[in-house]
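To start, the structure under review is shown below, and the notes come after it.
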Amino acid sequence: MSILKIEDLTLIFGKEKEEALSLLKKGSTKAEILKETGCTVAVKNAAFEIEKGEFFVIMGLSGSGKSSLLRCLNRLIEPTSGNVILNEVNITSLGDKELQDVRRKEMAMVFQKFGLLPHRTVLENVAFGLELQDIPEKEREEKAKKVIELVSLQGYENQPTAALSGGMQQRVGLARALANEPEILLMDEAFSALDPLIRTQMQDELIDLQKTMHKTIVFITHDLDEAIRLGDRIAIMKDGEIIQIGTPEEILTNPATDYVSSFVEKVDRKSIITAASLMFEKPTVAIFRKDGVEGTLRKMRSSGLTALPAVSTDKEFLGFVYLKDILEIKAKGHHTIEAAIISDIPVAYPETTVETMLPFIAENGRAVPIIDKDTRKLLGIVAQTSLLIETTGASWENITGNSIDNLQNEIL
Amino acid sequence: MIHIGPYIEQFINWLTLHFAGLFDAIKIVVESIVNGVEWVFMFPPFYVIILLIAFLAWKRTGLGVTILTLLGLTLIWAMGYWAQTMATLALILSSAFIALLLGIPVGIWAAKNPMAKKIIRPILDFMQTMPAFVYLIPAVLFFGLGKVPGAFATIIFAMPPAVRLTTLGISQVPEDIVEATRSFGATSRQLLFKVELPLALPTILAGVNQTIMMALSMVVISAMIAAGGLGEVVLKGITQLKIGIGFEGGISVVILAIILDRITQSFGSKKVKISD
């Protein structure tokens with residue numbers, strides 16, 4: 001069930017919003033609207049749903065409207081049109097009191113610039129959201145102390161926040177948001193102001209926290225690597241529009257536009273791309289007990305391959321057979337290929353990442369068979385060329401000089 | 001030739017006539033505040049007051065200001081101007097107090113409301129640049145002679161810095177902190193009292209200091225309408241061409257000014273560091 005649903009949300013900055021909105025509905029472009037009305041379209045018809053417990057990342061460059069979109073979710077900025085629906089309650093139509101309640105209890109936000117109160121201590125900052133709810137001091141300090149432990153800030157409770165490093169300050173910011181026990185965490189470039197080492201560390205900790213707390217997180221970033229590291233799904237924004245929503249792998253393997261591909265190119269793909277997306281399905285196989293020595297040889301001849309995966313009649317992966325071994329056993333008078341099957345071959349599963357499969361190249365010197373974890377059925381094979389391409393970022397043509405038709409040839 | 005003078009005169013007369021009751025009420029309130037404060041300063045023996053102020057100086061500032069306070073106030077007493085100095089101090093502090101009581105809320109309003117800011121700014125410019133003597137005329141018409149019109153003119157002259165610096169302080173609160181506060185469901189009241197005012201405090205305190213200093217600069221002028229105090233001493237020096245008395249009064253004002261400035265400044269300078 002989706003916890004947060006955004007329907008046709010549009011945000012326009014400027015004086016003549018209504019006019020700009022009607023122009024937008026008529027299909028005018030951003031530039032035309034700016035020229036005609038002086039209004040800027042910050043977010044255009046955004047629509048998506050976020051599942052409970054999902055880590056949803058909105059990624060875009062500065063000016064793409066991602067931060068404005070996030071602020072529409074808790075109405076720090078009023079959307080010009082469209083709905084934000086949280087647990088079937090339309091946030092956009094709430095009065096001030098109810099909106100305050102939503103902000104106090106259901107959505108908490110973490111900011112790029114932390115937004116901490118410099119005249120207060122860490123503990124007072126973490127308890128700030130609870131203080132706004134008029135929770136008695138004792139109770140809120142108890143809650144705050146628990147959260148402080150969660151973000152490993154024990155011992156800093158009575159420090160003024162101004163004395164802390166950036167990473168520490170953002171821990172306070174995160175703790176302040178968690179102290180409210182919100183259903184949804186809104187994180188606006190929360191780690192962008194931190195230096196790279198601290199950032200990675202904070203990312204890891206956030207992932208761990210997410211695993212134990214199962215919060216729904218909407219995370220804004222301009223960094224695709226960060227988006228891929230953190231996100232269950234990623235929405236990519238450009239000029240106020242969401243141009244693609246998908247899992248990190250979907251975005252990497254199947255970018256919707258050139259714009260997305262230009263981002264994807266720079267990403268370190270090894271740890272994201274899995275066997276499933278590189279796999280060459282329905283390879284030519286030698287079926288044990290069905291294909292005898294002669295049948296296997298015929299298949300090799302017609303496909304021009306010197307090695308084939310061998311499977312049982314249930315498609316269970318048995319190993320590889322090589323031309324030279326087949327010829328050898330044929331000379332010895334064997335009829336089945338059993339003696340030629342080399343079963344000592346490392347296999348991978350569809351969800352295995354390229355990074356994990358790389359060492360197999362050295363071991364196999366061949367393609368990596370991809371099998372189902374439970375049934376051990378052969379699902380496909382991943383060529384070493386594909387692995388190399390994913391690792392180096394080179395194109396097919398550069399490596400093979402061949403078209404896709406000769407793929408299996410390359411593979412084996 | 002255009003004469004706007006008569007219209008202003010008519011307006012002031014109209015005010016005097018129709019709001020006599022209000023002015024009387026104001027007069028009673030202001031008079032009791034000023035007299036009350038003066039009584040507090042005059043009731044204990046002079047050395048108690050000197051020691052108290054010196055102790056405050058010691059707590060808030062350094063040794064230098066403390067010694068200056070001790071020596072300066074003792075000198076004033078020795079010159080025989082203790083009563084006048086306390087009268088002046090009472091008038092200044094009461095006027096400054098009222099100016100702040102009015103000025104800080106107006107400053108907050110101006111910070112929150114751009115339209116209010118647009119209207120208030122020229123009024124503040126007017127209040128500050130109009131020669132202070134001019135306020136004496138309506139002050140006398142409204143309140144007669146004495147301390148109250150003196151306080152009235154002083155309040156008008158001293159209020160602008162309180163308004164301006166409050167507005168400045170609140171507008172300077174970083175936008176990200178305001179946004180974060182709102183994102184946690186703060187009401188505008190909570191935002192003001194828990195975040196904006198505490199963060200604006202150093203600037204507002206600078207405004208308090210300025211207001212007190214401006215009030216001090218009105219001492220001699222308000223003495224012209226019989227507000228009394230050290231201003232009267234200086235005025236006597238001027239009108240009777242008695243250089244000695246003039247300087248004695250003047251020096252007393254200077255001593256008072258330095259002590260007040262250093263002590264009030266010390267409250268403002270305890271800066272809260274604002275993260276960027």
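Per chain, numbering begins at 1; letters A, B, ... match sequence-line order. Worth saying up front: this structure is predicted, and the values here are computed from it rather than measured.
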message: Take a 6.0 Å sphere around CD of A/Gln201 and say whether it holds more than 12 heavy atoms from other residues, nucleotides or ligands.
response: yes

query: Got more than 12 heavy atoms from elsewhere within 6.0 Å of CD, A/Glu88?
result: no

query: Are more than 12 heavy atoms from other residues, nucleotides or ligands located less than 6.0 Å from atom NZ of B/Lys112?
result: yes

- line: With chain B, the option among A/Lys105, A/Gln100, A/Arg103 that has the most non-hydrogen atom pairs under 4.5 Å is A/Arg103

- request: Let me know if A/Asn125 has heavy atoms under 4.5 Å from chain B in its side chain, its backbone, both or neither.
  value: neither

- request: Sort A/Arg120 into side chain, backbone, both or neither according to what part of it lies under 4.5 angstrom from a heavy atom of chain B.
  value: side chain

field: B/Lys147 side chain near B/Asn35 side chain, heavy-atom distance below 4.5 Å
entry: yes

